[in-house]
Amino acid sequence: PGGLQTDPNDPDTDGDGIPDGVELGRTTAVPGSGCPDPVDADPTTLTSPVLADSDGDGIDDGVEDVNRNGAVDAGESNPRLRDSDGDGLDDNVEDANQNGLRDQGELDPTRRDTDGDLISDGVEDTNRNVSFDMGETNPLEADTDGDGLNDGEEDTNQNGIREPFEIDPRTTDTDCDGLSDSDELNIHGTSPIVSDTDGDGITDGVELGITAAVPGSDCPGLLIDAD
């Protein structure tokens with residue numbers, strides 16, 4: 001690209017740790033050279049031998065192709081794609097220190113859904129700054145609010161927006177009736193999005209004798225049972 005050429009005196013022109021021949025998909029040595037055959041495990045995937053970072057994501061090809069064999073193996077990001085997993089976050093944003101490893105506190109650039117909650121990382125991190133901010137669910141925690149329901153169960157269409165028919169994955173008590181969302185679904189059989197399931201004018205929590213808010217909820221003016 002740009003008129004750049006490989007250096008015949010340097011087996012790795014761009015210094016990314018991958019030999020030029022492997023980046024260009026060669027599997028046999030030049031006849032008469034006496035050199036060993038280059039080892040390219042996937043000659044159909046090519047990277048630039050003159051640009052250390054072929055996809056421009058801020059991570060050198062030889063860091064993304066950890067074993068430097070020319071193939072995109074399990075656990076490796078793709079040196080030909082800025083966003084290997086297609087989650088809307090570039091690899092160098094998810095691999096924040098650009099070392100090719102998934103370290104603590106980092107998202108996985110090889111998985112659309114790092115925490116396995118069925119919502120992609122780019123949807124959970126709505127402003128895509130790789131920080132857990134107010135109003136977002138945590139792409140590193142399958143159950144952001146800790147109520148026993150995974151975020152993808154509560155945000156049923158997994159679009160990162162709390163719809164009127166959905167449970168809020170950011171709070172433990174969506175309808176502010178004093179009962180946790182999980183308990184309403186799994187124990188009481190009440191609605192976690194309607195505070196008075198039976199419509200009798202008394203909130204579910206009061207009918208069931210609650211005397212305090214659910215930890216992790218934000219329910220000012222919560223009605224509690226006086227007796």
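Not measured: the values here are computed from a predicted model. Here, residue 1 is the first one in the sequence, and each next residue gets the next number. Side chains are part of it too, since the values below use all heavy atoms of this structure and drop only hydrogens, waters and symmetry mates.
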Pairwise distance NE2(H188) to CD(E207) - rounded to 0.5 angstrom: 12.0 Å
Would you kindly confirm whether V72 and I18 end up in one hydrophobic cluster when ILVMFWY residues are joined by side chain heavy atoms under 4.5 Å apart? no
Single-linkage hydrophobic cluster, 4.5 Å side-chain cutoff, I210 and V214 together: no
Residue pair N127 / D133, side-chain donor-acceptor N/O under 3.5 Å: yes
Should the pair D108-R102 be classified as a salt bridge under the 4.0 Å nitrogen-to-oxygen rule? no
Find the distance between CD1 (I187) and OG (S182) and round it off to the nearest 0.5 Å. 6.5 Å
Mark yes or no for whether D113, through its side chain, and G116, through its backbone, hold a donor-acceptor pair below 3.5 Å. yes
Does any N or O in the side chain of D37 come within less than 3.5 Å of the main-chain N or O of A29, such that one atom is a donor and the other an acceptor? yes
Minimum heavy-atom separation for D173 and E184, please, with both atom names. OD1-OE2, 4.4 Å
pair D117-E124: side-chain heavy atoms closer than 4.5 Å: yes
Determine whether D87 and S120 satisfy the following criterion, side chain to side chain donor-acceptor pair (under 3.5 Å), listing intermediate values before the conclusion. CA-CA 6 Å; D87 63 358; S120 76; over 6 Å; no
Minimum-distance pair of heavy atoms, taken over all atoms of T137 and P169: CG2-CG, 3.6 Å
Keeping D42 on the side-chain end and G70 on the backbone end, is there a donor-acceptor pair under 3.5 Å? no
Check: E141 side chain, G146 main-chain N or O, donor-acceptor pair, under 3.5 Å: no
Around N157, counting heavy atoms of other residues, nucleotides and ligands shown, do more than 12 lie under 6.0 Å from its CG? yes
Donor + acceptor pair across side chains of D20, T13 (<3.5 Å): yes
Classify the side-chain pair S54/D61 by whether it contains a donor and acceptor separated by less than 3.5 Å. yes
Heavy-atom pair with the smallest gap, counting every atom of S48 and D14: O-OD2, 2.9 Å
Are the side chains of L4 and L51 in contact, using a 4.5 Å heavy-atom criterion? yes
To the nearest 0.5 Å, tell me how far T6 OG1 sits from N9 CG. 10.5 Å
With no hydrogens and no angle check, is any side-chain donor or acceptor of E106 less than 3.5 Å from a backbone partner on A96? yes
In the structure I gave you, are the side-chain heavy atoms of E163 and I161 within less than 4.5 Å of one another anywhere? yes
If only atom types and distance count, is the side chain of D57 paired as donor or acceptor with the main-chain N or O of N92 below 3.5 Å? no
Please tell me if the side chains of T156 and F165 come closer than 4.5 Å, counting only heavy atoms from C-beta onward. yes
Under 3.5 Å donor-acceptor, R170 side chain and G135 backbone: yes
Closest approach of T45 to A71 (non-hydrogen atoms, all atoms of both residues): OG1-CA, 4.4 Å
How far apart are the closest heavy atoms of S191 and D175, and which atoms are they? O-OD2, 2.8 Å
Give, for atom CD of Q98 and atom CD1 of I59, the distance between the pair rounded to the nearest 0.5 Å. 5.5 Å
Given the rule in the side chain to side chain contact (heavy atoms under 4.5 Å, CB included) test, do I224 and V206 qualify, once you have shown the distances and angles that lead to the verdict? CA-CA 5 Å; I224 62 174; V206 171; 5.7 Å; no
Verify the distance criterion only: is there a donor paired with an acceptor across the side chains of D177 and T203 at less than 3.5 Å? no
A side-chain contact here means heavy atoms from C-beta on lying under 4.5 Å apart; do S217 and T171 qualify? yes
Show the numbers, then the answer: is there a side chain to side chain donor-acceptor pair (under 3.5 Å) between D91 and S84? CA-CA 6 Å; D91 296 342; S84 294; 2.7 Å; yes
Side chain to side chain donor-acceptor pair (under 3.5 Å), paired with T174, selected from D168, D145, D181: D181
Between L222 and L179, is there a shared hydrophobic cluster once you connect ILVMFWY residues whose side-chain heavy atoms come closer than 4.5 Å? yes
Can D147 and S180 be counted as having a side-chain donor-acceptor contact under 3.5 angstrom? no
Take D40 and N69, measure what side chain to side chain donor-acceptor pair (under 3.5 Å) needs, and give me the verdict at the end. CA-CA 5 Å; D40 189 339; N69 70 346; over 6 Å; no
D204 side chain to T197 side chain, donor-acceptor N/O pair below 3.5 angstrom: yes
Determine, step by step, whether D85 and R112 satisfy the salt bridge (Lys or Arg N to Asp or Glu O under 4.0 Å) criterion, reporting the C-alpha distance in whole Å, the side-chain angles of both residues, the deciding distance to 0.1 Å, and the verdict. CA-CA 5 Å; D85 55 13; R112 288 177 60 87; over 6 Å; no
Looking at every heavy atom in both R80 and D55, which two are closest together, and how far apart are they? C-CB, 3.6 Å
Under the 3.5 angstrom rule, does the side chain of D151 hit a backbone N or O of T144 as a donor-acceptor pair? yes
Quick check against the 3.5 Å criterion: does D95 have a side-chain atom that pairs as donor or acceptor with the backbone of N99? yes
For the residue pair E23 and D16, establish whether any side-chain heavy-atom pair is separated by less than 4.5 Å. yes
Can a donor-acceptor pair be found between the side chains of D115 and N138 at a distance below 3.5 Å? no
Where the side chain of T126 meets the backbone of V123, is there a donor-acceptor pair that is under 3.5 Å apart? no
Measuring from Q158:CD to L118:CG, what's the distance to the nearest 0.5 Å? 5.5 Å
With the 4.5 Å side-chain cut-off for hydrophobic clustering, are I193 and L185 part of the same group? yes
Out of curiosity, R68 CZ to E76 CD, how far, rounded to the nearest 0.5 Å? 10.5 Å
Test item: R162 and D155 side chains (from C-beta on) under 4.5 Å apart, heavy atoms: no
After noting the C-alpha distance and the side-chain angles of E136 and D125, does the key distance pass the side chain to side chain contact (heavy atoms under 4.5 Å, CB included) rule? CA-CA 6 Å; E136 297 178 336; D125 183 13; 3.4 Å; yes
Any chain of hydrophobic side-chain contacts (each under 4.5 Å) joining V66 to L81? no
Quick one, E64 and N78 - any side-chain contact, counting heavy atoms below 4.5 Å? no
